[in-house]
Amino acid sequence: MTRRSIAAALATLAVATALFWLYFQRQAAADLARTSARPATRNTGLSLYQFDSVFTSDDGRTIHLADLRGRFQILALIFTRCPRACPTLVKQIQAFERALPTQQRRAVRFALITIDPDHDTPQVLHAYRERMGLGENWTLLNGAADAVRDLAASIGFAYGSNDGEAPVHSKLVTVLDPEGVVVQQQLGVEGDQQRLLDSLVGGAP
Amino acid sequence: MKAWFLSAGVCASLALGPTSERELTRGPATFHSRSAEHEAARSGPSAAMFLLPPGTYEPFFKRAGAPVQVKEFFLDRVPATRSEFREFVEHRPRWRRSAVTPLFAEARYLADWSGDLDPGPAPLQAPVTFVSWFAAKAYCEYQGKRLPTVIEWERAASGSAPGEPRAPFQFAMGQAAPELAPALAFGAVWEWTHDFNSVLVAGGSDDGPASSQFCGDGFRARDAKNYGGFLRYSFRSSLKAGYALKNLGFRCAKDAA
């Protein structure tokens with residue numbers, strides 16, 4: 001083989017590699033875009049990110065809900081003293097997270113907001129994160145009672161004090177699209193997981 | 001620059017300066033309230049508030065620690081009217097029908113109005129309906145008031161017919177408790193409350209492991225024959241804050257002292 005033909009072969013190989021690399025990048029980007037895409041008809045006037053109340057994350061940062069924009073969010077309202085239902089719910093959501101295909105798992109984040117802000121300070125939430133083994137793709141938020149009531153009332157999450165006992169509340173799980181619009185809700189994550197999964201690709205609920 | 005600050009300061013002090021007193025009546029004594037610039041602009045009959053005395057209340061659901069202590073508070077005699085709401089949206093343009101954010105009021109917000117500032121042909125003194133919880137809250141705040149809690153509202157409104165131990169269906173929208181709040185008028189509309197979403201009919205976190213969404217599961221009413229109460233609590237549990245419904249209005253409350 002001449003040096004020329006080797007050079008030509010290497011050049012061809014380099015070009016081919018570059019082309020393949022570009023192709024796979026575009027595919028990955030398209031997959032991510034498809035997962036994050038919302039139909040053009042979605043009314044962003046319904047975005048929960050229009051609530052401008054201030055929350056505090058478990059690592060002490062000031063967070064507005066709008067800071068969650070850009071990815072699908074699976075949202076649940078819980079409190080750390082909850083004896084049974086909340087830990088079960090969080091574990092179910094974690095199992096759902098682990099079972100997600102890679103593309104979806106990269107596109108999705110998880111958010112927990114406490115309905116017991118006086119007790120569930122950011123430090124308490126942080127200990128809860130460690131105890132439950134929640135990764136970096138989970139956001140834990142503490143907000144004022146009124147801010148939480150506004151958000152909960154908007155999405156249909158019911159909770160109330162049980163006279164000094166643990167607050168009673170529903171097991172509602174809410175999926176927000178990257179613009180903060182509710183696209184799916186269900187009670188718990190034990191039953192129909194396909195609908196949850198489908199809602200993460202921007203399909204109609 | 002200085003002139004701007006000066007004129008802004010003059011305008012601000014004019015706006016915040018003179019206020020009018022509005023008399024709030026209760027049983028034995030009267031309560032005087034100062035309110036802000038909107039009070040001077042109010043027209044139409046001044047809606048009186050009624051002071052409910054402190055006391056205990058047995059909530060609809062059996063709860064640990066019941067009965068509940070309720071502090072004294074003021075409650076509007078009647079639900080907010082269409083003419084009062086019109087005045088509110090005149091002063092708070094972002095609550096006008098054409099401007100409101102969909103998150104805070106669904107598409108049917110003020111559906112029976114003819115325009116942003118035109119309540120349409122229905123009587124102006126009738127309760128305003130097709131209003132969302134957010135709009136009701138904003139109205140009460142504008143008035144220097146707040147929405148009543150479920151407990152407060154129920155205490156005032158779960159009266160029954162004379163001789164009847166409990167409220168039948170026809171009092172589902174409320175009946176003034178005669179010994180507590182005779183001056184209050186209920187029954188025209190369902191009414192928003194501050195913590196309407198504190199009502200869990202079923203599917204709650206403290207139900208057993210086999211909890212479901214069925215009506216009978218986890219429902220722990222104190223009085224199984226309080227039909228009016230059943231209807232109200234079921235209705236509340238179906239609501240979301242953005243809903244604007246034909247027969248759903250509200251009235252405001254105010255802390256005493």
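Just so we're on the same page: letters track the sequence lines, and every chain starts at 1.
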With heavy-atom distances below 4.5 Å as the criterion, would you say the side chains of A:Ser47 and B:Leu103 are in contact? no
Give, as side chain, backbone, both or neither, the part of A:Leu48 having an atom under 4.5 angstrom from any heavy atom of chain B. both
B:Phe104 CZ to A:Phe51 CZ distance, which is reported to the nearest 0.5 Å: 5.0 Å
Got A:Ile155 and B:Lys240 here, is their nearest side-chain heavy-atom distance under 4.5 Å? no
Heavy-atom distance under 4.5 Å to chain A: side chain of B:Phe196, backbone, both or neither? side chain
Kindly indicate whether the side chain of A:Asp150, heavy atoms from C-beta on, has any atom under 4.5 Å from the side chain of B:Trp133. yes
Measuring only between side-chain heavy atoms, which start at C-beta, is B:Asn197 closer than 4.5 Å to A:Phe157? no
If you draw a 6.0 Å radius around CD in A:Glu130, do more than 12 non-hydrogen atoms from other residues or ligands fall strictly inside? yes
Is it the case that over 12 heavy atoms from other parts of the model lie below 6.0 angstrom from the NZ atom of A:Lys91? yes
Do B:His194 and A:Asp146 make a side-chain contact, defined as non-hydrogen atoms from C-beta onward lying under 4.5 Å apart? yes
